[in-house]
Amino acid sequence: VVTIHENHSFAYVWSSKLGAQSGPILRQHGWSVSAMKKPPPSISHATAVTMSRCGNFAFVGTKGGIIYQYNVQSGMVRGRFPKEEQGNSNRLATSGELDRTMKALGKLTESENRRAANLDKKYRDLQQEARRAKGIEIKLSFASHVKHAVVGLSIDSLNKTMISVGGDGKLIVWSLLTKRPHKKSPFILPAPARQLLHLPESDLAAVAVEVFSFVLFDCVAQSVVRRFVSGSI
């Protein structure tokens, strides 16, 4: 069993047989366990948790919209959603690609021993690649819960995708392999989400929202199949 607690960033692993905490404390590198040291930022406070179908991984959603993956046995960090660029925890992966492209543009411009025609063509190609990378970055930024709390998480029956819903009114389908959102994501909900209930047997997920209604989402077809709206009281 993995638990999270209000206004607290760590997640705790418990033994259902012993009825006591028996596993590691799940936390990011640099988060101190000691209360005497500086605590993790409030945006990292855990707001949702789920486990993979194989039982090896725990996924913890936070107040800041980031979802962390941990190995339950070792407590080691196994990535985050959305995927981060190596060595930079504040930017999406495509930001690094854009930086590398712009640096290549600068080097190409400074080169004096290339022919003018080839230089012009390569310069245009790099500009096009930079625009493409920027477009992907904008899309990935939109398909995330950044700066909004994750209120519900679930893993599909095949252990390939993860569903997350947030206070921003988005439902996002993530690939567990690439840690990036599905091309159809995000799905816009009628209002900010409050709770997620997923049935693995049918791969249907019900999402309760603030306006006294809920939607039914098909995890296989990746579409909203029905909306239940309350009548006037």
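Below, all heavy atoms of this structure are taken into account, side chains as well, without hydrogens, waters or symmetry copies.
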message: Are Ser9 and Thr62 packed together at the side-chain level, in the sense that at least one heavy-atom pair is separated by less than 4.5 angstrom?
response: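 No, side chains not in contact.
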
- prompt: Do the non-hydrogen side-chain atoms of Val1 and Ser15 ever get within less than 4.5 Å of each other?
  reply: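 A side-chain contact is absent here, since even the closest heavy-atom pair is not under 4.5 Å.
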
field: Leu177 atom CG, neighbour heavy-atom count above 12 within 6.0 Å
entry: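 Not buried by this count: 12 neighbours or fewer within 6.0 Å.
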
How many angstroms lie between atom [atom1] of [X] and atom [atom2] of [Y], to the nearest 0.5 angstrom?
X      : Y      : atom1 : atom2 : result
Ile67  : Leu153 : CD1   : CG    : 5.0 Å
Gln28  : Ser44  : CD    : OG    : 8.5 Å
Ser52  : Asn159 : OG    : CG    : 5.0 Å
Lys83  : Gln69  : NZ    : CD    : 12.0 Å
Ser154 : Phe59  : OG    : CZ    : 10.5 Å
Leu158 : Leu176 : CG    : CG    : 10.5 Å

- prompt: With under 30° as parallel and over 60° as perpendicular, where do the rings of His8 and His5 fit, or are they tilted in between?
  reply: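 Perpendicular, since the angle between the ring planes exceeds 60°.
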
field: Aromatic ring pairing Phe10/Trp31, orientation class (parallel under 30°, perpendicular over 60°, tilted between)
entry: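 The arrangement is parallel - the two ring planes meet at less than 30°.
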
- prompt: Is there a chain of hydrophobic side chains (I, L, V, M, F, W, Y, each step under 4.5 Å between heavy atoms) that links Tyr68 to Ile25?
  reply: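 Tyr68 clusters together with Ile25.
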
message: Are Val215 and Phe187 linked, directly or through intermediate hydrophobic residues, by side-chain heavy-atom contacts shorter than 4.5 Å (ILVMFWY only)?
response: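 Yes: a chain of side-chain contacts under 4.5 Å links Phe187 to Val215.
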
Closest heavy-atom pair and its distance - [X], [Y]:
X      : Y      : result
Gly79  : Lys179 : CA-CE, 3.7 Å
Ser32  : Lys37  : OG-CD, 3.3 Å
Val60  : Ala11  : CG2-CB, 3.9 Å
Val151 : Gln195 : CG2-N, 4.5 Å
Ile155 : Met51  : CG1-O, 3.5 Å

Can you tell me if [X] uses its side chain to pair, donor with acceptor, with the backbone of [Y] under 3.5 Å?
X      : Y      : answer
Asn71  : Arg78  : no
Asp156 : Thr161 : yes
Arg80  : Ile66  : no
Ser185 : Val173 : yes
Thr47  : Val150 : yes

Only distances under 3.5 Å count here; give the side-chain donor-acceptor pairs of residues 222-229 to other protein atoms, sequence neighbours excluded, each with its distance to 0.1 Å.
unit_1, atom_1, unit_2, atom_2, d
Gln222, OE1, His182, ND1, 3.0
Gln222, OE1, His182, NE2, 3.1

